[in-house]
Structures are given as C-alpha cells and as structure tokens.
Amino acid sequence: MTVPPIVPAPQRLTASGDTRAIGEALLVTGDEEVREVVEVLGRLAPGWAGLELRWVDDDASADVLVRLGPPDLAPDLPEPSGPDPSGGTSGDERYSVAPVDGRLVLRGASPHGAFRGLTTVLQAAAGTELPLFAAADAPRTRWRGLSLDVARFFLPPAQIEKVIDLMALYRLDVLHLHLTDSQAWRLELADRPALTGPDVGSPGHYTADDLAGLVAYAARRFVTVVPEIDLPGHVLAALRAHPELRGGVPPLHPLLGHLSPSVPAAMAFAREAVEALVGVSPSPYVHVGGDEAFGMPDEEYVAFVRVVHGWVREAGKRPVAWQEASRARAFGPGDVLQLWIAPSDAPREDRVRAAAPADLAHLVDAFLATFREAPGDLGRALEDGAAVLLSPSLPFYLDRRYAEPSTDPAQTADLTRLGHAGYPRARTSDLSAWSPDDVGGLDPAAVAGMEAAIWAESIESFDDLAMLLLPRLPVLAELMWTGPRRPWPDLATRLRPHAAAWTRSGFGAYYRSADLFPA
C-alpha cells in the first residue's frame, strides 16, 4: 500500500488504499473560521501541489470537510513541548484526518491546526486523485525555525516571502531574521541614515513598513518572525558608518570590532537599535546576538550583555541570544539560549595555530577563547533557568557543503565556491540521524525547540540559496516536527516527489543530491 508523500510525516498515518477522484481543483468546505485559511492556501496550492484549492459552500461537492474542535488524536500522542514563539496568538497546531463516506474529514484544534492539516492533504494529492488516509498529528516542539541571514546577502521582501511559503509547506513556524552583521546593517534606524544609506558597501535594507509587511505575510501562514540584531560583536558595518562608536579604542584587527559599555556613544546606539528591534514583531521574543565578540575583554562583554538583556525585558519582551551570552549570567526563566557550537565542528587548536601566520597569533588567542568556554555554556544557561533552542551546526547549519555529489556535475563543481569551507561536509542522508539526545547534559524539559540556519557568506544569488536549502530543509523539518532518527529510505521515498513543487515555487536550483535522486 503506497504511503502518501507527506513531509514531515504525521505522527500517526494509515493509508487506506482508496482514492477520491478530483477535478481541476481540490474543493474544501467547513466552518466559516476556516475560509481565510483556505484562501491563503489557495494562493500556494498551484505551486505546492500543481492544482487549485477552492472554497465551496456546497457540502455535498466538497472533497475535504474541515471542522474546528478537538481532533481525534491517539491517546499516546504527547503535548508539544517548549514555549509558543507567537506568545499564544497563533493557536493549537494539532489536527486529525479521517476518510468518511468517500472524502476526507479534517479536524483542526484551531485555524492553525486546520492550516497544518490542509498542508498535509495538499502534499498527499496527486494529479486527479486524492488518497483517502487517516492521520493524527501534532509537533514534538512548538519552536521549529529557520534563521535566515539577510545581512550578508540581501533578500528583497518578495524573495523572503518565497522562503516563508517554503517554511509553511514543511510546517516550520519561526522565521529568525538575522538583520545585522559585519557585512551590512539592514534594519533602518530613523536617526542613523548612514547605516543603510547609498554609501554602504552592501546596499539594501528594510524599512519599518517592509518588516511590518513581512510579519503580516508570515502570520497569515502561521509563521512568527523573530528579528535579530547581533551585538556587541559582528558590528563592523555599524562601526564603518559611525566610527565614533569605537570610542577611540583600536581593534585587534581591522576586520574586528565591538560595542564597549564604557563608550557612551556605543551604548546610545545599542539602545536605539534594541528599541527598534522590539517593535518589529509582536512575538514575545527578540534575538540580541551575543556570539563571537572576538577580542572583547570579558568584563566588558558581561556588562554589555547584562544591560541589553535588561533593556529587552523592560520593553516587555524576552531575550534570545547565542550560547556565548550564558557567560554573562544574564539569562533567566523565560529567556532562550540558542546552542550552536557542535563539538564536531569546534576548531582544533593545533590546526588553527599551525595555519595562522605568526603576526596573527594574538587573533588566534581571541578566536580560540570563544570555543574553549563553549562546553560550559549549556550548563550555565540551565542553571539560570533559560530554555535551550537547539541549533548545533551539525546538523542544523545549511551552509555546510554537501558530501554527496549532485546528479548535475555543474552543481558538484560549484561546491568549491558555495558553502562554508571550514565545516566537514555532510551527507543529506545522514542529517536525520541526529537526536536531541546527542546533546549531553540536556534535560528534555528545557528544550525550547529546534532551528536550522542558513548563513550567506558564499551566497551570490537566490539560486545559491535554493541549492543550500533544498533538499536539506525538509529533512530537518521532519526531525523537528515528527522526531529524530527517521529511516532515510522511507524519508527519501516521500521527499523525492517534492522536487516538482520546489521548481514550481521558484526553488528550481535545488541540489540534485545523489542521496535523494540516485542514478
């Protein structure tokens, strides 16, 4: 009996073997509160499924009947864990599907659950047939995200919307927008036009209206935007625009710099940036960076992080920060630490020192200091009551180069340019073997969720982004939603038909992984 090509796999799925003939459109009816959900999905269905999705008022003609209320869930299906990144505004994601009288009846715990269930139904539909199947489904965790680096490579809002649509297809619910870095500052600050003006090295930025539009677009697809400005390191773009923020302190290297709490101009700037950040999204969470402040004295780093976390709380939000921020002991209950340093990717001191020129030894010390402290970051955060967002670079960093070849030799050759050369390569087929249990010393109750990340140092086009995102993002989405250690042959069988949807949706440059598309 053929299993429908649904990714992520529902927690419980039974294929009946029966089908329903459908016409040029999948017809949906149900409770009036679901009509808007159907209208949004109707705009996505041609790209996702190659067919229309249409609301009808005639129950008798509908292929799918949607009702809101408690779904028919298996008694052993656990409640999703972790905080709700929307702050409780998006509703319950759980749903069930059952064949009744030759069509599907979908029960969503809320419009959000109906959206997730209809996404599942759209993935199952094939040509002129709708498989009649039963499913009971809920996510493992509420926070399932993608961190998108728009600082190093600017994406106009229309292209970010394409990424949001892709996330919605695979039931991801957090878009973490990395808005600032050393390469560029993309968040417009009203009194700082030099940050985003025509003279910056990497043009392109987002106005308040741009971001409001993206937040609203994402919300209609049940994706919450969590914005990030990276402080106190990764601020070279800001220092170029406003040299006075350095306070006359020479950096260890021209490509390094940080905001010092002893420099009034730097703290005034940081306060302006945080005030702008907390207004971007209604999510209760904002991300204030905190990683890789190379060369910053420890006491200055601690003081800065504590002040910034305090500002975020004063604004009624909860801070999210990269794992190094645990060293400031600034986290508390309700805050979120993002764990990113995978032990397998941490730099080896002997190799780094051997490769570095003698005149850069002082930089090597600053670089290695960050990673020497990394093993203690998780314990500190847990002691302070923070929840942990799991993003270890293996498997979650999508700028890692593929280990397997592409069936298109030109793509394989392009991996000499595209992707981070510093990470060991990994096969797509190996990513789903990871489990949160692989993180030693982690209490499952402290897990906020999981998040993939796509860094853009090597990205030069939207096609580059597509090649790094796909097919790996849906593999990780299944890990986040359904659970770890899914058998690769089963996942590959379900995922392979999705290539047509990627092409229809504007991601036609996806990597033709030999793991997924064997010769």
Looking at [X] and [Y], would you say the former's side chain and the latter's main chain have a donor-acceptor pair under 3.5 Å?
{"X": "Ser406", "Y": "Thr412", "answer": "no"}
{"X": "Arg401", "Y": "Leu418", "answer": "yes"}
{"X": "Lys317", "Y": "Ser283", "answer": "yes"}
{"X": "Thr416", "Y": "Ala413", "answer": "yes"}
{"X": "Thr180", "Y": "Ile229", "answer": "no"}
{"X": "Ser505", "Y": "Trp502", "answer": "no"}
{"X": "Arg512", "Y": "Tyr510", "answer": "yes"}

Sequence neighbours excluded, the answer for salt bridge (charged side-chain N to carboxylate O under 4.0 Å, His left out) partners of Asp230 is none
Short side-chain donor-acceptor distance under 3.5 Å, [Y] and [X]:
{"X": "Arg427", "Y": "Ser513", "result": "no"}
{"X": "Thr370", "Y": "Glu324", "result": "no"}
{"X": "Asp463", "Y": "Ser461", "result": "no"}

In short, salt bridge (charged side-chain N to carboxylate O under 4.0 Å, His left out) pairs touching residues 137-156 with sequence neighbours left out are Glu79-Arg142, Glu93-Arg144, Asp137-Arg171, Arg144-Asp173, Asp149-Arg152, Arg152-Asp181, Arg152-Glu457
Contacts satisfying salt bridge (charged side-chain N to carboxylate O under 4.0 Å, His left out) that involve residues 480-493 (not counting sequence neighbours) are Asp438-Arg485, Glu478-Arg486, Asp490-Arg494
query: Where do Ser86 and Asp84 land on the side-chain hydrogen bond (donor to acceptor under 3.5 Å, both in side chains) test, with the steps shown first?
result: CA-CA 5 Å; Ser86 76; Asp84 182 344; 2.8 Å; yes
Side chains of residues 442-449: which donor-acceptor pairs under 3.5 Å do they make with residues two or more places apart or in other chains?
unit_1: Asp443; atom_1: OD1; unit_2: Ala445; atom_2: N; d: 3.0

Can you name the residues that form a side chain to side chain contact (heavy atoms under 4.5 Å, CB included) with [X], not counting sequence neighbours?
{"X": "Pro261", "result": "Met267, Met296, Glu300, Ala303, Phe304"}
{"X": "Val302", "result": "Arg306, Ala328"}
{"X": "Glu383", "result": "Arg329"}
{"X": "Pro282", "result": "Val215"}

Ring-plane angle category for Trp481 and Tyr95, please: parallel below 30°, perpendicular beyond 60°, tilted otherwise.
tilted
In short, ring-ring contact (aromatic ring centres under 6.0 Å, His included) pairs touching residues 161-181 with sequence neighbours left out are Tyr170-His498, His176-His287, His176-Trp322, His178-Trp455
*Are His420 and Tyr423 close enough that their ring centers fall under 6.0 Å?*
yes
Taken in chain and number order and not counting sequence neighbours, the residues that satisfy ring-ring contact (aromatic ring centres under 6.0 Å, His included) with His205 are none
Hits for ring-ring contact (aromatic ring centres under 6.0 Å, His included) against Phe462, two or more places apart or cross-chain, chain-then-number order -> Phe507
Is it the case that more than 12 heavy atoms not belonging to Asp365 sit under 6.0 Å from its CG atom?
yes
Taking atom CZ of Arg351 as the centre, does the number of heavy atoms from other residues, nucleotides or ligands within less than 6.0 Å exceed 12? no
task = Find out whether Arg380 and Glu373 are in side-chain contact, i.e. whether some heavy atom of one side chain is under 4.5 Å from a heavy atom of the other.
result = yes
**Asked** Does any non-hydrogen side-chain atom of Tyr217 lie less than 4.5 Å from one of Val225?
**Response** no
Throw together a table of side-chain donor-acceptor distances under 3.5 angstrom for residues 389-398, partners on residues two or more places apart or in other chains.
unit_1: Ser391; atom_1: OG; unit_2: Gln338; atom_2: NE2; d: 2.9
unit_1: Ser391; atom_1: OG; unit_2: Glu451; atom_2: O; d: 2.8
unit_1: Ser393; atom_1: OG; unit_2: Asp345; atom_2: OD2; d: 2.5

